[in-house]
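Worth knowing before you read on, the calculation uses all heavy atoms, side chains too, and leaves out hydrogens, waters and symmetry mates.
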Amino acid sequence: MNTFKLKRPLYLYQYEALLRRLPQRHAQYNAIKKDYHKYLAGFQGEESLDYILSIVNLHKEAFICRGLRLKNKANDYFFQIDLLVVTPYFIYIGEVKNHTGKLVFEPDYGQMTQLKGEAANTYPCPLQQSKRQARQLQVWLSDHSLQETPVYAHAMISNPHSQISSNTPIPELYHADLLPEMLDSLNLTNSKRIYTRAHLQKLEKLLKKENEEANHFLIEKYNLHSHEVIQTICCRFCSSRRLRRFRQKWYCTSCREKDEQTHMEGLQDLALLNVGFQSLSTYRIFLAHISAATAKGLISPYVIANEYKCKGRKYKLDINKF
Ligand SMILES: [Zn+2]
C-alpha cells in the first residue's frame, strides 16, 4: 500500500510570510493571525490522521492520497479532497474537520453548528461537502476514461474531545479513530473487483500529475497594498533596519551581528506573497538600500521572468526557485 505523505500546504507558508512582513500594529494583523491559526488547526487535525492511517487494513494494491486538489474540465473549478483511499473494489473519500466543542449536525439543512461555551457558530455540513466531492470525482474519473466504481463519501472529526451530536444517527459521520473499522466494513461489503492493478497504477500516476496546490493571493484577500509588505528587511537578531552589506554579508549597525542569509528570507516572503513584477529600485530599497548591481546579483537566482514596461525592466520572484 502506498501512502502520499501529507505535505505542509503552501498557504501556511504564505500566511507565515505575511505575518512576518506586516507590522504587528497593522489594523488587520490580528484578524490575519486568527485566520492563520484556524488554517493551522485544520492542518494539524489532518496530520493527526497519520497514525490511524498507519494501522488501516487495505488490499496490497490500494493507495492513499492526502490533501488533493483537482480541476474538473467541464466547469474549470477545483475540488479538494482531504483523504482519498483507492482500492481495487471501491473508493473512499473522507472530509476531515478538527472543530472543538459540541458539533450538532443537520445534513438535511446542509449545516453543522459548533456550540462552545456561550458561542454558536454554523458551518457547511462536512458530510454534504464530502458527497459533493464524490460527485465531482466521478465526473473526473470518467473524463480520464476510468470506469465507474463505488465511491463512499464520509466525514470525520479528528479532534477526539469534540462531541458529535445529531437527531438521527449518521453512519457516514464519526470520529477519525473509527476509520479502520469503517474501511474494514467497506472491504467486506465490496467484493467485486473493479480496478485492475494497471488501472490503479494509472490512477495513482494521474492523481499525482493533476494535483495542483492552491496558491493564495493574500495581499488581494485582505485588501492590502504590496508596499505594505515590501518594507526594508531587518536584522534577524534585533529587528533593526540598520543593515549594511559588506563582503557578501549583512552587518547590523545596531547589534553588530553579521549574517549571510538575511535577504533570502525576505525575498522568499515576497515570492510567497505574490507581489509580482517590481522594479530594481524597489528591490534595492527592500534590501537595505544596496547598489543596483548588488541587488541584481542577489535577486537573479530567484527571478523567473522580467518584462519591459514604459518605466523600465521589472522583476518577479518565483517561489519554486528558492
Ligand atoms: Zn541587529
Side-chain angles (χ1 to χ4, degrees), residues 1-9 42-73 78-98 126-127 129-160 170-213:
M1 183 180 71
N2 300 310
T3 306
F4 282 19
K5 276 237 175 287
L6 184 64
K7 220 178 104 199
R8 197 170 194 270
F43 170 68
Q44 286 167 340
E46 283 184 52
E47 225 181 8
S48 68
L49 251 66
D50 286 358
Y51 169 69
I52 308 282
L53 289 170
S54 74
I55 56 168
V56 295
N57 240 329
L58 291 172
H59 189 278
K60 65 179 191 312
E61 288 164 21
F63 64 90
I64 294 173
C65 302
R66 322 265 313 261
L68 268 182
R69 186 169 174 269
L70 302 168
K71 194 193 229 172
N72 255 334
K73 281 185 201 162
F78 282 96
F79 61 102
Q80 276 173 272
I81 297 176
D82 293 338
L83 172 66
L84 182 77
V85 181
V86 182
T87 82
Y89 310 95
F90 64 92
I91 287 180
Y92 169 95
I93 287 179
E95 173 73 17
V96 185
K97 297 289 180 207
N98 190 37
L127 192 56
Q129 286 178 295
S130 187
K131 285 180 177 169
R132 194 163 57 231
Q133 289 149 14
R135 282 196 297 276
Q136 287 169 306
L137 183 70
Q138 293 279 27
V139 173
W140 188 91
L141 290 171
S142 109
D143 281 349
H144 289 90
S145 314
L146 278 143
Q147 61 267 58
E148 264 193 37
T149 184
V151 176
Y152 295 91
H154 289 200
M156 270 173 288
I157 305 300
S158 59
N159 189 329
I170 309 169
E172 299 91 1
L173 174 72
Y174 40 85
H175 278 289
D177 282 351
L178 286 184
L179 180 64
E181 286 79 4
M182 284 295 159
L183 290 171
D184 282 350
S185 94
L186 291 175
N187 274 324
L188 282 173
T189 47
N190 291 276
S191 54
K192 187 181 165 209
R193 183 163 185 149
I194 315 275
Y195 287 154
T196 62
R197 192 185 173 137
H199 288 135
L200 292 163
Q201 283 170 342
K202 175 187 167 182
L203 180 53
E204 189 178 2
K205 217 169 134 188
L206 203 59
L207 288 167
K208 273 186 184 158
K209 188 174 142 244
E210 299 284 313
N211 180 29
E212 205 176 305
E213 184 152 34

Working for side chain to side chain contact (heavy atoms under 4.5 Å, CB included), residues Thr87 and Tyr92:
CA-CA 8 Å; Thr87 82; Tyr92 169 95; over 6 Å; no

Under-4.0 Å salt bridge between Glu213 and Lys7
yes

Answer yes or no: is there a donor N or O on one side and an acceptor on the other, between the side chain of [X] and the main chain of [Y], under 3.5 Å?
X      : Y      : value
Gln133 : Gln80  : yes
His59  : Glu61  : yes
Arg66  : Glu46  : yes
Ser130 : Leu127 : no
Asn211 : Arg69  : yes

With a sphere of 6.0 Å drawn around CD of Gln147, does it hold more than 12 non-hydrogen atoms of other residues, nucleotides or ligands?
yes

Considering non-hydrogen atoms only, spot the tightest contact between [X] and [Y] and give its length.
X      : Y      : result
Leu58  : Ala62  : CB-CB, 3.9 Å
Ile52  : Ala176 : CG2-O, 3.6 Å
Tyr174 : His154 : OH-ND1, 2.6 Å
Asp82  : Gly94  : CB-O, 3.4 Å
Pro160 : Ser158 : CD-O, 3.2 Å

Approximate separation, where rounding is to 0.5 Å, of [X] [atom1] and [Y] [atom2]:
X      : Y      : atom1 : atom2 : value
Phe43  : Asn98  : CZ    : CG    : 11.5 Å
Asp50  : Ile55  : CG    : CD1   : 12.0 Å
Ser48  : Asp177 : OG    : CG    : 8.5 Å
Met156 : Leu83  : CE    : CG    : 5.0 Å
Glu212 : Phe78  : CD    : CZ    : 3.5 Å
Ile157 : Glu95  : CD1   : CD    : 9.5 Å

For residues [X] and [Y], determine if any side-chain heavy atom of one lies less than 4.5 Å from a side-chain heavy atom of the other.
X      : Y      : value
Leu146 : Leu206 : yes
Leu141 : Ile91  : yes
Arg135 : Gln138 : no
Asn57  : Pro180 : no
Gln201 : Lys205 : no
Lys202 : Ser145 : yes
Leu137 : Leu84  : yes
Thr149 : Val86  : no

Worked verdict on Arg193 versus Tyr89 for side chain to side chain contact (heavy atoms under 4.5 Å, CB included):
CA-CA 5 Å; Arg193 183 163 185 149; Tyr89 310 95; 3.8 Å; yes

For Tyr152, all residues meeting side-chain hydrogen bond (donor to acceptor under 3.5 Å, both in side chains), sequence neighbours excluded:
Asn190

Between Lys71 and Asp143, is the salt bridge (Lys or Arg N to Asp or Glu O under 4.0 Å) condition met? List the steps.
CA-CA 11 Å; Lys71 194 193 229 172; Asp143 281 349; over 6 Å; no

Would Arg132 and Phe79 satisfy side chain to side chain contact (heavy atoms under 4.5 Å, CB included), going step by step from the backbone distance to the final call?
CA-CA 9 Å; Arg132 194 163 57 231; Phe79 61 102; over 6 Å; no

